[in-house]
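Worth saying up front: this structure is predicted, and the values here are computed from it rather than measured. In what follows, every chain begins at residue 1, and chains take the letters A, B, ... in the order their sequences are listed.
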Amino acid sequence: MNIYQHFRDEILSIVDELASQNVIPAGMDTGRITVEPPREAGHGDMATNAAMVLSKAAGMKPRDLAAVLSERLNTIQWVHETEIAGPGFINLRLESPYWHQRLEEILQNGTAFGDSTLGRGETVNVEYVSANPTGPLHVAHARGAVVGDVLASLLEKAGYAVTREYYVNDAGAQVDILARSAYLRYREALGEKIKEIPKGLYPGEYLIPVGEALAEKYGDQWLGADEEAWLADIRSFAAILMMDEVREDLKSLGIDFDVFSSEKTLVEKGAVEGVLEQLEKMDLIYTGVLEPPKGKIPDDWEPRPQTLFRASQFGDEVDRALKKSDGTWTYFATDMAYHLDKFQRGFKSMINVWGADHGGYVKRMKAAVGAVTGGEGELDVKICQMVHLKKGGEALRMSKRAGTFVTLSDLIGEVGRDVVRFMMLTRKNDSQMEFDLDKALEQSRDNPVFYVHYAHARCRSVLRNAATEWGDDTISPSALAAADLSLLTDPSELDLIKVMAAWPRMVENAAEAHEPHRIAYYLNELATLFHALWNKGNDDARLRFIITGEPALTIARLALVQGVATVIVSGLQVIGVSPVEEL
RNA sequence: GCGCCCGUAGCUCAGUCGGAUAGAGCGCAAGAUUCCUAAUCUUGAGGUCACAGGUUCGAAUCCUGUCGGGCGCGCCA
């Protein structure tokens, strides 16, 4: 349950009630009323801006209106006291039993705590990774993979019906290059000496086994043959092998897609012609000549009539080309068809997770979605900025051309899957990130993965110790459920419960904002509070979890510890990281 | 030249679709361990939220401009 939502509803009914009693006008816009945790703990448990938001429409000064509202709020169940502060905030302080109930709720729900019905089962398509099937995944893909996957999990937890989708670009020029590169390796496998991989082809050694496999399957039949004889076969052969590798890499990151959509299939079934026909009917296509980009004119620029989409009618800067000079579709044209296809499969809400190099593509894609769905489809694009790897205090420079990039599987081999997943969420997706391989393995406060794991391990440790000393029954779910939680009276214990109680709201807000990194930050905060409480037990033995000779108090505190562990696990599940029992 | 993203403490970064005295970690200074994991914690110093205007009860947040960094800029994806 989102507790802030609960009290917001209470305020709305108070507003209605006051309106029906003609104390304030009826029919005011209450949409901007919020109930939030105040930034400062000293301001109570919750604060509402209701009086300030409504004051104008009510024709009252904010603080006067606040006085009227707070009088009624005082009578609501669980409200301990209210206070009018600053320009007209109403601060609420809640009674301790309310917080004890929240802990009980956590214990009853287990890791399902935080599940929300916000999404009302609406479908959302999250498309991520979508790397060309031309080589293994590397570090840049890892960030998008994690961001997309965790965003999908987050939306699921918030009550959406999520489809995880990978778009396989198996039709464009990139896979032709793959095929030519593989052909070289094929000749090599048959004994030819290849001195140097020509510029423009993929030099990576990962294609050597592909060449060998080709040689084994097809023998020498293509030696000396024209490209048109072998291109199609090798292209699909190599692309399939590459996708197998991609799937392996994703699996090792714990990522499993629901749908792999093939660009080639889409093109072959005429989807591009379909979407263009539709656009033609809407008069959104014409033949024209684009202006060269100002300030920077490409060397080989020449004005040329092209088939263009009126993207500028939908918020883009210029109209965009749909056909290449060789008559084939641009990537954009097939991507339009692809997004219409998604929409027709029932996804009004689409999220794409892209790398930084696609930033300039966002506007036209949004324009395209707006056009082909008649404004009904909604596209959000999360751009993941670059990841700079660091090791031994030095930057690891990567170059795809030189073949010196660090692969995803290298990275996982170096630090492990869970660390990769968590670390990728320690920055907003649109901020650049430095990934320090040494720090990611460090067991210190510096390393948020460790820090959260440590908090959970400490929880488990206390529970194990209690079981050893008092018997397994002490920590059984039924024993903890029967605990007298009213014995939890210390402010730091209640503070901890309050942060746990904020978890459902965190899930909803992060899901609505499409910001998975907030989960990692929340877990860090929860861990901080728990570590702090733990250390209070060092200063004051009365605050330790296990108090010999006081079973009731101990069980209440074990319930608290179990609650912390539960919420941490609930969060780690969203991130896709396994909790550890001990370190 | 144009578009998008970013600019917050010495460093790395949060900051809840406009809220109260702008936060955290690292680093720095000083402390806590016969006791549930000190792999942790506590306290302190540290700020013109890049800069200049504007919008309003209120701006780090929204708008305009300037400066600085990143990404991209017809027939690559």
Side-chain angles (χ1 to χ4, degrees), chain A residues 32 34 36-40 42-43 47 49 52 55-56 61-62 85-89 91 130-132 134 169 171-175 177 263 289-298 300-304 306 308 316-318 320-321 323-328 330-332 334-335 355-363 383 385-386 426-428 430-434 436 442-448 450-451 453-455 457-458 461-466 469 505-506 509-510 512-513 515 517-518 521 524-525 528 531-539 541 544-547 557 561 582-583:
Chain A
R32 287 172 55 223
T34 59
E36 299 177 318
R39 189 146 40 184
E40 274 195 55
H43 292 144
N49 62 356
M52 291 179 291
S55 72
K56 211 172 233 172
K61 287 181 186 163
F89 285 101
N91 295 331
S130 296
N132 293 332
T134 57
N169 300 123
Q174 301 293 331
V175 278
I177 296 173
E263 180 187 6
V289 181
L290 285 179
E291 296 283 312
K294 294 204 168 64
K296 184 201 161 197
I297 298 171
D300 57 349
W301 176 271
E302 48 181 284
R304 180 178 292 139
Q306 285 175 299
L308 300 171
D316 203 357
E317 278 85 39
V318 294
R320 301 293 179 177
K323 259 189 194 178
K324 304 181 202 166
S325 55
D326 66 1
T328 59
T330 59
Y331 176 76
F332 179 54
T334 55
D335 220 3
D357 52 344
H358 288 58
Y361 200 74
V362 174
K363 272 195 181 178
I383 294 291
Q385 288 295 335
M386 310 215 302
T426 56
R427 295 283 179 276
K428 267 185 309 204
D430 49 14
S431 296
Q432 292 186 38
M433 169 162 81
E434 187 176 85
D436 188 327
E442 212 171 274
Q443 304 216 321
S444 75
R445 179 75 175 91
D446 257 3
N447 179 357
F450 162 78
Y451 189 71
H453 273 319
Y454 187 33
R458 275 182 152 176
S461 169
V462 172
L463 294 166
R464 275 195 306 271
N465 286 334
E469 194 178 333
R505 176 178 187 268
M506 183 61 54
N509 287 355
E512 272 188 315
E515 291 189 349
H517 73 277
R518 291 193 200 179
Y521 277 90
N524 201 62
E525 184 194 348
T528 300
H531 286 307
L533 179 59
W534 180 287
N535 277 277
K536 282 202 173 172
N538 288 337
D539 300 335
R544 291 162 63 90
F545 301 114
I546 299 172
I547 308 280
R557 289 191 173 154
V561 171
E582 56 188 326
L583 286 161

Legend entry - Atom pair distance, as rounded to whole Å: CZ in Arg458(A) and C1' in C35(B): 13 Å

Inset, instruction - Using a 4.5 Å cut-off on heavy atoms from C-beta on, say whether the side chain of Arg464(A) contacts that of Ser461(A). - result: yes

Legend entry - Short side-chain N/O contact to U37(B) OP1/OP2 from Ser461(A), under 4.0 Å: yes

Inset, instruction - For C41(B), take OP1 and OP2 only and decide whether either is under 4.0 Å from a side-chain N or O of Tyr451(A). - result: yes

Inset, instruction - Compare the minimum distances between each of C57(B), C13(B), U40(B) and the side chain of Arg445(A), then state the nucleotide with the smallest one. - result: U40(B)

Inset, instruction - Please determine if a side-chain N or O atom of Lys324(A) lies less than 4.0 Å away from the OP1 or OP2 oxygen of G74(B). - result: no

Inset, instruction - Between Asn535(A) and Pro303(A), name the one whose nearest nucleotide on RNA chain B is closer to the 5' end. - result: Asn535(A)

Legend entry - First of Arg320(A) and Thr426(A) reached from the 5' end of RNA chain B, by closest nucleotide: Thr426(A)

Legend entry - His453(A) vs U37(B): side-chain N/O to OP1/OP2 distance below 4.0 Å: no

Legend entry - Side-chain donor-acceptor pair present, Thr134(A), Gln174(A), cut-off under 3.5 Å: no

Inset, instruction - Would you classify Phe89(A) as touching base, sugar-phosphate or nothing, given that sugar-phosphate means primed atoms plus P, OP1 and OP2, and contacts are heavy atoms under 4.0 Å? - result: base

Legend entry - Short side-chain N/O contact from Lys428(A) to OP1 or OP2 of G15(B), under 4.0 Å: yes

Legend entry - Closest listed nucleotide, where the reference is the side chain of Ala321(A) and the choices are G74(B), C57(B), C36(B): G74(B)

Inset, instruction - Using whole Å, report how far CG of Leu463(A) lies from P of U37(B). - result: 11 Å

Legend entry - Contiguous pairing runs of three or more, Watson-Crick or G-U under 3.5 Å, that involve RNA chain B: B:1-7 with B:67-73, B:10-13 with B:23-26, B:28-32 with B:40-44, B:50-54 with B:62-66

Inset, instruction - Indicate, with a heavy-atom threshold strictly under 4.0 Å, whether Glu582(A) touches base, sugar-phosphate, or nothing. - result: base

Inset, instruction - Please state whether the rings of His358(A) and Tyr361(A) are parallel, tilted or perpendicular, taking 30° and 60° as the class boundaries. - result: perpendicular

Legend entry - His358(A) side-chain proximity, nearest of U40(B), U16(B), A77(B): A77(B)

Inset, instruction - Describe the nucleic acid contact of Ala541(A) in one word from base, sugar-phosphate, nothing, applying a heavy-atom distance below 4.0 Å. - result: nothing

Inset, instruction - Remember a base hit wins even if backbone is also touched, and classify Ala356(A) as base, sugar-phosphate or nothing at under 4.0 Å, heavy atoms. - result: sugar-phosphate

Legend entry - Nearest-neighbour nucleotide for the His531(A) side chain, C5(B), C41(B), C57(B) considered: C41(B)

Legend entry - Nucleotide of C57(B), U40(B), U16(B) approaching Arg505(A) most closely (side-chain heavy atoms): U16(B)

Inset, instruction - Output yes when at least one side-chain N/O atom of Lys536(A) is less than 4.0 Å from OP1 or OP2 of U42(B), else no. - result: no

Inset, instruction - Respond yes when some side-chain nitrogen or oxygen of Ser431(A) is under 4.0 Å from OP1 or OP2 of A14(B), and no when none is. - result: yes

Inset, instruction - With the side chain of Asn49(A) defined as its heavy atoms from C-beta on, choose the nearest nucleotide among U40(B), G3(B), G19(B). - result: G19(B)

